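Contents: one structure, followed by commentary.
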Amino acid sequence: MTAAKRAHSILFAAVASLSVAGLAVAGAAWADPSGEQSAFTPPSGAEIPKGGFGEMVALGRDIFTDTSKHAGAFVGNDLNCSNCHLDKGRLAGAAPLWAAYVAYPAFRKKNQRVNTFEERLQGCFRYSMNGKAPPLGDTTLIALQAYAYWLAKGAPTGVDMNGRGYPAPKKPERLDLARGGEIYAQKCALCHGADGAGLKAADGSVAFPPLWGPRSYNWGAGMSVITNAAGFIKANMPLGLGGTLSDEDAWNVAAFVDSHERPQDPRFEGSVAETRKAHHDNPLDLYGTEIGGVTLGENSPPSGPQPK
Ligand code: HEC
Ligand code: HEC
């Protein structure tokens with residue numbers, strides 16, 4: 001073993017025990033959105049190799065950051081994967097792809113079976129992108145998988161890595177939508193719009209992505225569960241000021257965002273109450289609950305790409 005390799009494996013062991021310690025305090029806020037404490041640094045973009053494999057990795061990166069342009073057939077809203085998985089899927093605390101890649105195949109409660117990584121990616125298109133799943137084996141999935149695999153270079157498989165997912169901040173006793181609305185007006189509306197629809201540049205491109213309404217993630221998406229939104233927001237929003245909201249404010253503003261209409265859950269079969277029972281039976285999921293006299297889901301725009 002070379003000295004460099006030995007140093008690396010010692011570092012790795014130290015970091016591995018760190019992440020076990022991290023698990024013991026699960027529920028504590030993610031203190032380091034910069035990822036400095038993270039167990040893992042993915043390779044830099046400049047290291048993408050030449051040749052057939054590298055070309056597929058680069059395509060995956062492009063799909064991830066400009067999804068409508070490179071995988072438009074499967075997208076039904078104004079989002080890119082990288083709007084929620086920041087820094088091109090590299091940032092710890094923003095569900096980084098390197099931590100995801102090594103965690104599959106995995107059993108998912110969402111569909112009650114073991115999912116491959118490719119199947120996990122299909123779900124992102126169906127729900128977060130309000131689109132439709134690319135068929136297994138489609139170049140879109142191969143490219144995204146190649147990109148995630150490449151980012152995970154040197155990471156251990158089967159380990160819940162430090163920085164995975166959106167670590168949830170400490171939940172307050174009760175959520176306060178009115179307070180969430182105040183935070184939103186003060187700290188979010190500037191970029192995401194008072195109506196949550198985001199902002200477009202003069203050329204029609206999306207400058208700030210929508211948080212609710214017909215062009216955002218649908219009711220089946222992970223971000224529509226307040227726990228996920230609170231974790232994402234606490235670590236990453238307002239953009240560039242991650243970690244500045246109190247835990248309580250992060251939860252309240254997350255609840256406020258997820259108390260608005262968005263495209264229907266694609267699993268909807270005609271009854272909001274039935275859909276809630278089957279897929280949203282969670283106090284931190286407002287689908288099918290009554291907010292301001294209106295039941296969320298009753299007036300949802302349809303899910304999936306809509307004819308222009
Ligand atoms: C609206 C925000 C949003 C968008 C857009 C989005 N995701 Fe996600 N993604 C999430 C959330 C939230 C989770 C965690 C969901 C959960 O645990 O249920 C997640 C989870 C994942 C995971 C699993 C992470 C893990 O550690 O297990 C992968 C992989 C992933 N997304 C890839 C993608 C890809 C590829 C796209 C684009 C096609 C995409 N996502 C678009 C919010 C988003
Ligand atoms: C300075 C502008 C700015 C502010 C202020 C801001 N955001 Fe964002 N937000 C962004 C941008 C840009 C992205 C996409 C990030 C990317 O692609 O790298 C984003 C992404 C998001 C997303 C995931 C993508 C989506 O559309 O669903 C959520 C949720 C979100 N912001 C919530 C908030 C909340 C809540 C606040 C207030 C606490 C907030 N943001 C404040 C610019 C901002």
Side-chain angles (χ1 to χ4, degrees), residues 8-43 60 64 81-124 127-128 141 144-171 220-237 242-243 247 250-251 254 282 284-285:
H8 184 261
S9 65
I10 292 169
L11 183 68
F12 210 81
V15 157
S17 61
L18 242 185
S19 61
V20 170
L23 283 180
V25 293
W30 177 248
D32 185 23
S34 73
E36 271 162 24
Q37 257 179 33
S38 168
F40 188 74
T41 306
F64 201 77
C81 310
S82 56
N83 290 154
C84 303
H85 302 273
L86 303 188
D87 191 19
K88 306 179 186 159
R90 308 166 59 89
L91 188 69
L97 283 179
W98 42 264
Y101 181 78
V102 298
Y104 293 86
F107 184 83
R108 293 195 75 212
K109 272 202 275 184
K110 191 160 184 166
N111 52 21
Q112 291 292 320
R113 56 187 177 76
V114 172
N115 289 211
T116 62
F117 189 70
E118 229 190 334
E119 289 172 305
R120 181 69 186 83
L121 295 173
Q122 285 185 313
C124 303
Y127 303 109
S128 293
L141 298 182
L144 285 168
Q145 185 168 13
Y147 179 51
Y149 165 77
W150 175 77
L151 282 175
K153 186 174 180 176
T157 55
V159 171
D160 201 1
M161 290 180 81
N162 196 13
R164 183 179 178 205
Y166 306 103
K170 194 174 171 315
K171 196 174 100 42
M223 200 63 96
S224 74
V225 179
I226 299 169
T227 319
N228 287 321
F232 173 83
I233 292 165
K234 168 78 190 191
N236 303 297
M237 291 291 140
D247 288 359
W251 276 94
N282 171 356
L284 296 170
D285 181 334

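Just so we're clear, the structure is a prediction, and the values are computed from it rather than from any experiment.
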Hey, is the main chain of Thr41 close enough, under 3.5 Å, to the side chain of Arg90 for a donor-acceptor pair? no
Considering only distance and modelled atom types, tabulate donor-acceptor pairs under 3.5 Å from the side chains of residues 146-157, sequence neighbours left out.
unit_1, atom_1, unit_2, atom_2, d
Tyr147, OH, Lys88, O, 2.6

For Pro169 and Ala250, which heavy atoms make the closest approach, and how far apart are they? CG-CB, 4.4 Å
Output side-chain donor-acceptor pairs under 3.5 Å for residues 114-121, partner residues at least two apart or in another chain, one line each.
unit_1, atom_1, unit_2, atom_2, d
Asn115, OD1, Asn111, ND2, 3.0
Asn115, ND2, Asn111, OD1, 3.0
Asn115, ND2, Arg113, O, 2.9
Thr116, OG1, Glu119, N, 3.2
Thr116, OG1, Glu119, OE1, 3.3
Glu118, OE2, Gly137, N, 2.8
Glu119, OE1, Thr116, N, 2.8
Glu119, OE2, Arg113, NH1, 3.1
Arg120, NE, Tyr104, OH, 3.1

Pro167 and Gly93 have their tightest heavy-atom pair at CD-CA, 4.0 Å
Going by side-chain contact (heavy atoms from CB on, under 4.5 Å), name the residues that satisfy it together with Thr227, two or more places apart in sequence or in a different chain. Ala168, Val225, Trp251, Leu284
Which value, rounded to the nearest 0.5 Å, describes the distance between Leu144 atom CG and Cys81 atom SG? 6.0 Å
Who passes side-chain hydrogen bond (donor to acceptor under 3.5 Å, both in side chains) against Asn228, sequence neighbours left out? none
Looking only at heavy atoms, the pair that brings Lys110 and Gly222 closest together is NZ-N, 4.4 Å
Under the rule for ring pair (Phe, Tyr, Trp, His ring centres under 6.0 Å), what residues qualify as partners of Tyr166, not counting sequence neighbours? Phe232
Euclidean distance, Phe107 CZ relative to Gln112 CD, rounded to 0.5 Å: 4.5 Å
Separation between CG (Leu97) and OG (Ser82), nearest 0.5 Å, reads 10.0 Å
Checking the side chain of Asp247 only, and the main-chain atoms of Lys170 only, is there a donor and an acceptor separated by less than 3.5 Å? yes
All heavy atoms of His85 vs all of Ala95, minimum pair found to be ND1-O, 2.7 Å
